[in-house]
Structures are given as structure tokens and as C-alpha cells.
Amino acid sequence: MASLNLSYDFGDTMKPGRFAIVVLLAASVWAQEAAPATRSEGSSAKPRPRVGLVLEGGGALGLAHVGVLHWLEENRIPVDVIAGTSMGGLIGGVYATGESPNQIRALIRGIHWNEVLRGVTPYQNLSFRRKEDRREYPNAFEFGLKHGAQFPSGFNSGQQVGLILSRVGLPYSEMRSFDDLPIPFRCVATDLVTQEAYVFDRGSLALALRATMSMPAFFSPVREGDHVLVDGGLLDNLPVDVARKMGADIVIAVHLKTKAVNPQEAMSSVGVLQRSASVTIAINELRSMEKADIVLTADTEDFSATDYPRFAEIEEEGYKAAQEKHALLAGLQVGTNEWQQLQSARAQKRLLVPTPQFVDVSGANDSITRGLKHRLAGLVGEPVDENDVDEQMMNITGLGRFSRAGYAIREKSGQPGLAVDAEEKGYAPPTVHPQLLIDGSDYKNVLFQVGGRITFLDFGGFGSEWRNDFVAGSEYGLNTEYYHPFTAYTHWFTAVYGMADSSPFNVYQRNRVMGEYRNRRMGGGIDLGYVFGRSGELRAGYQAGYQKLSEDIGVPVTPAVHGRFGITSLRYRLERFDDPVIPRSGVRVESTFKFYDANPGTEEVVPTDELRFGLAHRTSERSSLLFFASGGTAFATRDTGFPPFSLGGPLRLGAYGMNELLTNQYFLFQPAFLYRLRELSPLLKQNVYLLSMYEAGKAYGQPAGVPRIQQDGTIGVLFQTVFGPMFFGGSLGDTQHRKFYFKVGKFF
């Protein structure tokens, strides 16, 4: 007879009824081993015990539950009720909708977990103006001034996780009871208001799953009425008691074994916090395991809670855990006909997604919801395409006002419709993007700047913005712009702006400072423009003001100039890089034509034109080829006032000193190779790259002794961090030009 190992001591707490059931189960195991044939399909038998499956939370470790489900189905072990917490709630909830383990496996493996857990709206889904924010302020920090200075309530808004759950729960958006699912289901969250476990047994399945997975400080909490809900693991990570209340006679609990703490191992503050929370969770798990009838322990010690890419290995551990208890579980096996009947009954309870006859939007004021409904009108009368709807939800968060946007099916006047819930950021607008810039182009004269961008969204109507940039340090100034679409539904806009700025303009020769200039500008302007979707913008306008460019220290390289400026401009920008900080694929184009009717230092009318082009192509998971090219002309070589273009400095012929080559006309070509040396944190998208670049250009009108074609090679290490890119490297060029430099902040 097989050993009956229930993973705990019965003690005096075993109720007579439960003890009798376990004895019967043991007898069944003995009978099956003595006579392995299953009972006759046509024979009468006592009603089988009602089996409950309880799945524990544990991040990526919860993928072991898929392996358990696979083994149970292979061996025809029915599951009558399911209860789960966190990742156990997700896996259990998907299974409860009637999905097979293979379908769950396909869902899990199709998720880009690092992107999902990073919680950032993909760059391609940002509106063009939000792309500008990410390019010009390339760090991961954002806070708001809605109720004073306030940061987000979680590292991750849960947007991408929420979209996955919206897909799963879409047919079950309004359930009177989770008992009506193909398999009755419950999941557990923690209510921060009542400080008690909150069991979801009705309502929106997607909302329930999002709440049970909302790990504190990592995901933003879910607000439901008067409840503020976070991960249920804090109070009931293995909800055996919930399965009992659902009527389970036999409870199978799946426990995820974690690695013990090594007292000699160094721990970060985050690690200490995680382990401290684990102690509390372990206590409530132990109590639950004592109440279970069968405990399946998956050996997941060698994995971490973020090891989602190792899904196959983790699933296998779950399969092994069930296999190890096969002798005990075999007593729950049903015959082939009964199994098929159970599967058929579940299939009949599955619901299909109806075609929406309307779109409703909630979560914002009337003018904003009208604008969103107009954008989503194309979804009405068409079968729901989850990929298309997900894209639309991402586009909504890409506007910058909303932390997340989800969707569900709602009925109104007997008609099904798509209900979109756009959750506004609790801390913004106004939104603040801080900035830190350290320019070590000349490590003997390091430039340091701090600043930020404050943006008031929908200021004067849907889509209107008031943007303010400020900076202090080696450069100081203020820029402000009011951007206003003609209507909420058009791509045409007008923008009025003003600026007051004082910035250094150091001129070098052979990496030695020849003159330290100060460029002071004050003025304003107005533009008329058109936005090409989320990737392009065309502007035409006029700006005027006063400029003074004068030397502070050193030998005058060029005469000081001051006076009025007046510029008619036409600018086109296309942004299709895949990342604002370190692009791996895509294209970027910027073309600017300017016509100076007034320019300090000359009485001539001066036109200029400049084109900048960038191309990135991913050659492997680790490497990319980059190519940058730029060129500009003033259509003349004299009488233009202060030269409008310059070469020299990082990514502008790095071996040359900053602004060493002043010119009225130039071109520059820069092929480069980018190779990822190490992935520091996939969750935070922190990487270390090796960058090598060849540069060749020409600045026209240079004195004798300057090569006709200026060239150099650059190599260095580029760090991708939450503070923005950091570069350390050097350049070696012609005519003994060489330089080591570093830079923190905007790079490409």
C-alpha cells in the first residue's frame, strides 16, 4: 500500500467529517492499487467528493500551477471549485473560464513579461507630444502637482497586466456570481481600508484578477467603491478556507517552495523589505497548509519571483509536484465518460463576446470623454478584436492624463456595448518631468544643469496643453508654450510660445577653450501646425525677439553681436524610433528651414536649412547598427552674422572641442555599432552597451591647417539607467585631436 503523506500532522484539529473523507480517499487508493481498473462506466457509485483546487501567489513561481493543471487533466482529476491569490488567482481565473492548460500555457508564453511588469506605455503608443517629453527628459521619473508634490501610488499602473486580464474576463464582465463560470471561482485581495481579506465572488472577473495581483508599491492599488485593494497574499496567500466555504470536500493546495535566507548573504534595502513581507506571508501559508487535505509542493527554490522567461522550467516543477503525489491523487480520478461529460458541461457554460452596439467612456470629465468616444467610434458594430482594442487603450494612456485604461462588456437598454474605464492619474496633471544634465565634454570644465517640465493637460479643452520648461545651472531660463488643437477631433493646431534663456557657448580649438561666450535670448512666437498621427508633426510660424551673444572670458574668436531677430520657420519632424533613450530600431527625421528677416550682426536677409536623419536596425537580440547623418547650409559663405552651425563635441565630431568648427555650411555622417554587454535589470530596462562610432564631416570655410574632411572614431560604454543615459568614452581623430569625455542625460 502506498504511503499516505498529507504533508502535515492531523492532530486534534481534524473534524470527524473531514477525517472520514480522507480515510475513504486512502481506501480508494488502496483499492486502485489492488485492482487498478477504473470502475465500470455504467455502474452505480456513490457521489464523488467535491474537489477544490487552491493556488498560491508567488509571482513567476506561480507558473508552476500550469504544470499542476496539466497533470490533473492528463489524469482526469476533476476540479469542482478553484480559489487563488495573486498569480495563483490569475492562473486559476483563466482555468475557471474553461481554458485548457495548453491554452493557458500559450497565453503565458505569449506575454512579454518584462515589458508588462515594467508598466510603461510603449514608446510607439505615446502621442507625439508625449514622445517629445520622453526624448527631452529621458529618465524614468514623473510626479504630479494635483494635490501638492505627489508621486504615483505604485511603480506600475498595472495597465498592461490589466489589458491581459480584460481579454480573459471580457465575456464575464458582469457576473452575478462567479459560481456561474465554467468552474466556480474565488480570488482574494487585501482591503487597506478594513484591513481584512476581500474575497471576490461576483462582478467583473478582470477587476477581481487585477486586484488580487496588485502587489503593494509595485502595482497601483485597485479602488472599488469604498475599498482600496492590493495583493491578497498579505493576509491569505493560500486561501484554503475560501475553497472550504465554496463546498469543497477535498482541498488540493499547491505550495510554492522558496529559497531560505542565507545569513551570510548581503541584502539590499529592497531585498530586506521583500523578505520581511515574505515572513508574514509564510505564516498565513502555513496555517492554510494545515487545513488542506493534499498539499502539492513545487520545488521552486532555484527561481525568483521575476523569472518569467524561465516559464518552461517552472511549469515542469509544478508537474513534478503533482506526479510525486500521484498515488494519493489517483483516488480522485474519474472514468473517461464522466470526464468527457464534465468537459462538455464546462464548455456549455462558456460565454462568447458579443458585438458592441455602442461605446461608453467613464473616468474623466465630459469634454474629455467626448473626445475619447470620438476616437473609439470605429469599434461600434464590429466584432471585438482584442489586439485592436488593446492598441486603442494604450493610445489612451499615451495621451499622458490616464494611468490606465481598461474595457468590459456592459448592457444598456438590452444592447451590449463596450465600456471603457479611463482611470486618471491620481497625482496629476499638472505633470512634472525632472531633469539632470551633466556635460563632461571638457572634463576640466564640466557643465551641470537641473530643470524640469511642468505640463497642464487639457488646459482649455480636450488636447490643449500648457507646457513650461525651466533650467538652472550652467544654463538658466524659462520656456512656455500654449498648444491648442482647432477642435478636439482635428489634427490641426496652433501654438503660442515665449522664451527667456541664457546659455554658455564655449568655443574650443584643439580641445583648449579659446572663448567663453554667453548666448542670451528673449522673445516669442506663434506656429500653425498639423500632427501626423502619433509619429510626425509639421509646423510653420514666426518668432521674434532680442539676442545678445557676447564673450565673457578668453580671446575673442568672433565679434560679439546683439540686436533684434525675426525668423519665419518651417519644421518637419518624424519620430519612429522604438526607444527615446537608446534606439535599437526605427527612423528619425528632422528638417528645419529658417528665413531671417532680422539677425544680429548682419543686415542681410539670411535663409538656412538643416536636415538631420537617424536610422537604427536591430541585427540580433544584443546588437544594432545605427546610422546618423546631418547637414546644413546658409546658402552663402559670408555676411550671415554669427555662424549658424557648428561641429565639435559628443556626437558632433567627438574628438574636436565643443563648437571648434563654426561654419555656414556642413555635412556629417556617423555609422555606429551598438552591442549590449549586460542586462542589469530587465524589469527596469537597465542595460550596459558598448558603442563604437566612426564620424566623417566637413565644415566649410575653415582656415588653413584644418583637414578638408574631418574624421574621428569614438568608443565608449553607454549605461541605460532610471536616471537617463550615462556615457563614458573617448574619441581619436585627425591632426592630433583626441578627447576623453562623459555625459549624463540626453544622448542620441
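Hydrogens, waters and symmetry mates play no part in the numbers below; they use all other heavy atoms, side chains included. Numbers here simply count residues along the sequence, with the first being 1.
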Peer 1: Among Thr397, Asn395, Val389, which residue meets the side-chain contact (heavy atoms from CB on, under 4.5 Å) test with Met393?
Peer 2: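 That would be Val389; it is the only one of Thr397, Asn395, Val389 passing the side-chain contact (heavy atoms from CB on, under 4.5 Å) with Met393.
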Peer 1: Side chains of Glu132 and Tyr137: any donor to acceptor distance under 3.5 Å?
Peer 2: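 Side-chain D/A pair, Tyr137 to Glu132: absent.
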Peer 1: Does either side chain, that of Thr194 or that of Asp191, offer a donor lying less than 3.5 Å from an acceptor on the other one?
Peer 2: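 Note: Thr194 and Asp191 side chains meet the donor-acceptor criterion.
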Peer 1: Look at Glu99 together with Arg105 and state whether they make a salt bridge at an N to O cut-off of under 4.0 Å.
Peer 2: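 Salt bridge between Glu99 and Arg105, a charged N being under 4.0 Å from a carboxylate O: no.
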Peer 1: Could you check whether Glu74 and Tyr319, counting side-chain N and O atoms only, form a donor-acceptor pair closer than 3.5 Å?
Peer 2: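 Per modelled atom types, Tyr319 and Glu74 side chains form a pair under 3.5 Å.
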Peer 1: Contact between Val420 and Leu372 at the side-chain level, heavy atoms closer than 4.5 Å - yes or no?
Peer 2: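 Not in contact.
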Peer 1: With a 3.5 Å distance limit and no angle check, can you tell me whether Thr490 reaches the backbone of Phe486 through a side-chain donor-acceptor pair?
Peer 2: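 Looks like no, no N/O pair under 3.5 Å.
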Peer 1: Could you check whether Arg167 pairs with Glu386 (Lys NZ or Arg NE/NH1/NH2 to Asp/Glu carboxylate O, under 4.0 Å)?
Peer 2: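 Not counted as a salt bridge, because no side-chain N and carboxylate O are separated by less than 4.0 Å.
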Peer 1: Between Arg401 and Asp458, is the closest basic N to carboxylate O distance under 4.0 Å?
Peer 2: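 Salt bridge present between Asp458 and Arg401.
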Peer 1: Could you tell me if Thr212 and Thr85 have a donor-acceptor pair between their side chains, going purely by distance under 3.5 Å?
Peer 2: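 No - no donor-acceptor pair under 3.5 Å links their side chains.
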Peer 1: Between Tyr482 and Trp466, is the ring centre distance below 6.0 Å?
Peer 2: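 No, ring centres 6.0 Å or more apart.
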Peer 1: Of Glu136, Glu465, Glu142, which meets salt bridge (charged side-chain N to carboxylate O under 4.0 Å, His left out) against Arg130?
Peer 2: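 The residue from Glu136, Glu465, Glu142 that satisfies salt bridge (charged side-chain N to carboxylate O under 4.0 Å, His left out) with Arg130 turns out to be Glu465.
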Peer 1: Decide if atom CZ of Arg576 counts as having more than 12 heavy atoms of other residues, nucleotides or ligands within a radius under 6.0 Å.
Peer 2: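 No, because the 6.0 Å sphere around CZ of Arg576 holds 12 heavy atoms or fewer from other groups.
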Peer 1: Does the side chain of Ile183 come within less than 4.5 Å of Asp80's, by heavy atoms?
Peer 2: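 No, side chains not in contact.
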Peer 1: ring-ring contact (aromatic ring centres under 6.0 Å, His included): which pairs involve residues 160-203, sequence neighbours left out?
Peer 2: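 Qualifying pairs: Tyr198-Phe200, Tyr198-His227.
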Peer 1: Under 3.5 Å, is there a donor on one side chain and an acceptor on the other for His484 and Ser464?
Peer 2: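 Distance-only check passes for His484 and Ser464.
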Peer 1: Could you tell me whether Asp360 and Lys412 make a salt bridge, using a distance below 4.0 angstrom between a side-chain N and a carboxylate O?
Peer 2: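 Salt bridge: yes.
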Peer 1: With heavy-atom distances below 4.5 Å as the criterion, would you say the side chains of Arg50 and Ile250 are in contact?
Peer 2: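 Not touching, per the 4.5 Å side-chain cut-off.
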Peer 1: Check step by step if salt bridge (charged side-chain N to carboxylate O under 4.0 Å, His left out) holds for Glu338 and Arg48.
Peer 2: CA-CA 11 Å; Glu338 186 175 354; Arg48 63 178 180 82; 3.3 Å; yes
Peer 1: Do we see a donor-acceptor contact under 3.5 Å between the side chains of Glu391 and Asn125?
Peer 2: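 There is such a pair (donor and acceptor under 3.5 Å, judged by atom type) between the side chains of Glu391 and Asn125.
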Peer 1: Quick check against the 3.5 Å criterion: does Lys131 have a side-chain atom that pairs as donor or acceptor with the backbone of Leu126?
Peer 2: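 Judged by distance alone, yes, a pair lies under 3.5 Å.
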Peer 1: Taking ring pair (Phe, Tyr, Trp, His ring centres under 6.0 Å) as the test, write out the residues that go with Tyr483, two or more places apart.
Peer 2: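 Residues passing ring pair (Phe, Tyr, Trp, His ring centres under 6.0 Å) with Tyr483: Phe493.
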Peer 1: Can Asp179 and Lys349 be counted as an ion pair, charged N to O under 4.0 angstrom?
Peer 2: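 A salt bridge is absent here (no side-chain N lies under 4.0 Å from a carboxylate O).
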Peer 1: Taking the basic N atoms (NZ, or NE/NH1/NH2) and the acidic carboxylate oxygens, is any pair closer than 4.0 Å for Asp241 and Lys291?
Peer 2: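 Salt bridge: no.
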